[in-house]
Chemist: 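Here's a structure for you.
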Amino acid sequence: MESMVAMETLVSLCKRRGFIYQSSEIYGGLASAWDYGPMGVELKNRVQNFWWREMTQLHENIVGLDASILMHPRVWEASGHVENFTDPLVDCKKCKQRFRADQIPEQNMETHACPECGGELTDPRQFNLMFKTHLGPVESDASLVYLRPETAQGIYVNFKNVVQTARMRVPFGIAQVGKAFRNEITTKNFIFRTCEFEQMEMQFFIHPSEDGKWFEQWKQERFEFYKKMGIRESRMRFHQHGPGELAHYAKIAFDIEYEFPFGWKELEGIHNRTDYDLRRHMEYSKKDLTYLDDLRDGERYIPYVIETSAGLTRTVLTVLADAYDEEEVEGEKRVVMRLHPDLAPVTVGVFPLVKKDGLAELAQEVVRDLREDFTTFYDQGGAIGRRYRRQDEIGTPFGVTVDYQSKEDRTVTLRYRDSMEQVRVPIAGLHERIRQAIKEYRRVD
Ligand code: GAP
């Protein structure tokens with residue numbers, strides 16, 4: 001079993017290579033807020049695109065949506081978030097630290113002793129995780145709005161619109177990617193749990209009698225998705241929610257967990273939300289959200305929903321942690337990010353062996369040709385070995401080196417990141433070679 005990367009090592013690589021920076025760093029940073037740098041934003045976009053393609057392009061019965069973050073405040077009353085989206089909190093009267101009552105040892109709760117300083121803890125009280133703000137210039141109860149804590153509600157309130165305008169028939173799904181906000185109390189472990197994050201959610205509308213079948217299908221499909229992305233299966237598992245863990249809307253819930261450097265944690269939730277959300281929105285909006293099923297002899301019903309809810313930013317952390325690898329090559333440490341080529345921020349690094357004798361010009365010609373189809377990075381600075389290492393650290397799967405022979409016969413060296421194997425390839429055949437290698441990519445442990 002390969003050893004696991006330490007979080008400090010990963011955080012430091014992310015900063016050094018332009019993946020992720022602390023937010024507002026020049027002011028000392030803001031707790032739990034992170035910015036995605038040039039490599040990070042490419043990686044995040046690619047993770048998002050991978051998911052979007054999987055959900056919409058590869059499923060003819062799933063369509064997309066992009067709903068707004070601010071919604072009518074009644075949405076959150078109907079959804080149950082105003083009443084139920086809370087964490088139990090306790091404060092230490094001595095050191096003034098605040099803890100989630102369900103995350104400190106039971107013994108401390110029984111004795112009311114602070115787990116940090118032994119001081120006296122207050123009784124637990126419920127704290128709502130939704131951020132509030134005001135719409136318009138007057139800060140009153142009437143102008144109160146929330147930053148959405150999940151993207152799902154934007155889908156439910158548009159259910160009727162999508163049925164009517166996109167002519168979708170049950171069973172069908174609506175997929176959405178977007179920001180969500182939660183006033184989390186414990187935010188640590190880098191981008192794992194933050195107050196501002198992104199979700200990739202899909203709500204699948206079904207006939208109520210088929211919830212078992214669809215739940216099982218989505219559970220398996222979502223697990224396969226991460227394998228397809230190159231995540232190691234040995235670091236993934238399912239966890240079923242017990243009665244005390246279930247969200248207020250869920251009848252059954254399974255998490256896909258990943259073994260992060262800080263332990264097994266939730267990566268994605270698959271929930272059977274029944275007709276809870278649509279029913280509640282019917283009650284609160286007084287609009288008819290039932291569905292007339294002409295494939296079932298005109299039966300009218302409120303569809304059940306199987307939800308697949310993944311964190312985009314949390315998946316980025318998973319991909320980074322899973323990709324990190326160190327090995328010894330010729331007596332030196334090689335750090336390599338074994339990212340799936342579809343996710344790597346740069347697909348091909350192009351290097352002239354030396355700058356002179358027309359090699360730089362030929363290498364730039366190769367870049368101009370490749371960048372129509374691939375993200376490329378041109379680097380002519382320093383020893384070739386060091387240039388390879390820099391690309392290994394950001395996970396660039398292919399390196400193309402232009403040397404003196406290239407001038408003679410228009411061939412180049414193609415280097416594979418994972419095996420470090422180098423093959424001679426005609427410039428004219430590079431595209432096809434790289435495209436094929438991406439298609440055939442398999443993670444080697
Ligand atoms: N719509 C259902 C829902 O939001 P959830 O289990 O609360 O369910 C789904 O969240 C996913 O969103 C989680 O599995 C996780 O990947 C991500 N997520 C939740 N809270 C997060 C946070 N504070 N920071 C980063 N990601 C978060």
Side-chain angles (χ1 to χ4, degrees), residues 20 23 31-34 36 44 47-48 51 65 67 69 71 75-76 79-81 84-87 100 102-103 127-131 146-157 173-204 215 218-219 222-223 225-226 229 231 236-242 245-258 260 262 264-274 276-278 280 305-321:
I20 299 166
S23 159
S32 106
W34 301 90
Y36 291 78
K44 183 155 70 68
V47 171
Q48 174 174 338
W51 182 89
L65 181 81
I69 289 172
M71 302 176 74
V75 166
W76 305 107
S79 71
H81 283 80
N84 299 310
F85 200 54
T86 54
D87 278 342
R100 262 177 66 173
D102 54 343
Q103 286 184 348
F127 172 80
N128 196 294
L129 297 181
M130 283 195 291
F131 280 102
Y146 299 96
L147 301 189
R148 65 182 179 196
E150 62 168 6
T151 62
Q153 296 303 325
I155 295 181
Y156 300 134
V157 298
I174 305 179
Q176 174 168 225
V177 181
K179 291 237 168 174
F181 302 83
R182 295 180 190 178
N183 204 352
E184 302 277 7
I185 309 310
T186 40
T187 53
K188 52 180 184 197
N189 295 328
F190 199 26
I191 55 169
F192 176 78
R193 181 177 286 111
T194 47
C195 291
E196 175 182 346
F197 56 100
E198 284 173 79
Q199 290 187 313
M200 307 184 285
E201 296 199 303
M202 194 278 299
Q203 315 297 316
F204 201 72
F215 188 84
W218 278 112
K219 213 177 115 202
R222 294 305 304 146
F223 197 86
F225 168 80
Y226 293 103
M229 259 177 136
I231 304 295
M236 292 194 299
R237 70 178 187 193
F238 283 115
H239 161 75
Q240 179 166 15
H241 282 211
E245 282 175 280
L246 282 172
H248 61 273
Y249 48 72
K251 177 175 149 195
I252 304 175
F254 273 76
D255 290 339
I256 296 175
E257 291 189 335
Y258 179 77
F260 290 97
F262 41 88
W264 286 97
K265 299 275 179 213
E266 172 183 351
L267 170 57
E268 162 160 355
I270 297 115
H271 311 127
N272 179 350
R273 292 179 75 137
T274 68
Y276 174 84
D277 299 271
L278 289 181
R280 295 271 296 195
V305 169
I306 305 300
E307 169 185 68
T308 70
S309 177
L312 168 55
T313 40
R314 195 171 288 183
T315 306
V316 169
L317 177 62
T318 308
V319 164
L320 286 167

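The first residue in the sequence is number 1, and the count goes up from there. When a ligand or atom number is given, it counts from 1 through the structure's own listing order. Because only heavy atoms are used, hydrogens play no part in the values below, and waters and symmetry mates are left out as well, while side chains stay in.
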Chemist: Check Arg237, His241, Lys265 against Asp255 for a side-chain hydrogen bond (donor to acceptor under 3.5 Å, both in side chains) and give me the one that passes.
Modeler: His241
Chemist: Given 3.5 Å as the limit, does a donor-acceptor pair link the side chain of Asn128 with the main chain of Met130, or not?
Modeler: yes
Chemist: Mark yes or no: Arg314 above the aromatic ring of Phe192, with NZ or CZ under 6.0 Å from the six-membered ring centre and no more than 45 degrees from the axis.
Modeler: yes
Chemist: Below 4.0 angstrom from a heavy atom of Ser309, which ligand 1 atoms are there? Numbered from 1 as shown, please.
Modeler: 1 (N), 2 (C), 3 (C), 4 (O), 8 (O), 9 (C), 10 (O), 11 (C), 14 (O)
Chemist: Number the atoms of ligand 1 from 1 as they appear, then name those within less than 4.0 Å of a heavy atom of Glu307, with their elements.
Modeler: 1 (N), 2 (C)
Chemist: So, the side chain of Glu257 versus the backbone of His239: is there a donor-acceptor pair under 3.5 Å, distance only?
Modeler: no
Chemist: How does Glu150 reach ligand 1, if at all, at less than 4.0 Å between non-hydrogen atoms: by side chain, backbone, both, or neither?
Modeler: side chain
Chemist: Closer than 4.0 angstrom: is that true for some heavy atom of Glu198 and an atom of ligand 1?
Modeler: no
Chemist: Give a yes/no verdict on whether any heavy atom in Arg273 is under 4.0 Å from an atom of ligand 1.
Modeler: yes
Chemist: Output the list of atoms in ligand 1 that are nearer than 4.0 Å to some heavy atom of Glu266, sorted by atom number.
Modeler: 6 (O), 13 (C), 14 (O)
Chemist: Mark yes or no: Lys44 above the aromatic ring of Tyr36, with NZ or CZ under 6.0 Å from the six-membered ring centre and no more than 45 degrees from the axis.
Modeler: yes
Chemist: For the pair Arg273 and Glu201, find out whether any cationic side-chain nitrogen is under 4.0 Å from an anionic carboxylate oxygen.
Modeler: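 Looking at Arg273 and Glu201, the cut-off is not met.
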Chemist: Which residue supplies the protein heavy atom nearest to atom 7 (O) of ligand 1, what is that atom called, and how far is it?
Modeler: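 Ranking protein heavy atoms by distance from atom 7 (O) of ligand 1, first comes Arg182 NH1, 2.8 Å.
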Chemist: With a cut-off of 4.0 Å, which atoms of ligand 1 are near a heavy atom of Glu268?
Modeler: 14 (O)
Chemist: Quick one: look at Tyr249 and ligand 1, take heavy-atom pairs under 4.0 Å, and tell me if it's side chain, backbone, both or neither.
Modeler: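 Tyr249 to ligand 1: side-chain contact only, backbone stays beyond 4.0 Å.
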Chemist: Heavy atoms only, cut-off 4.0 Å: how does Leu267 contact ligand 1, side chain, backbone, both, or neither?
Modeler: backbone
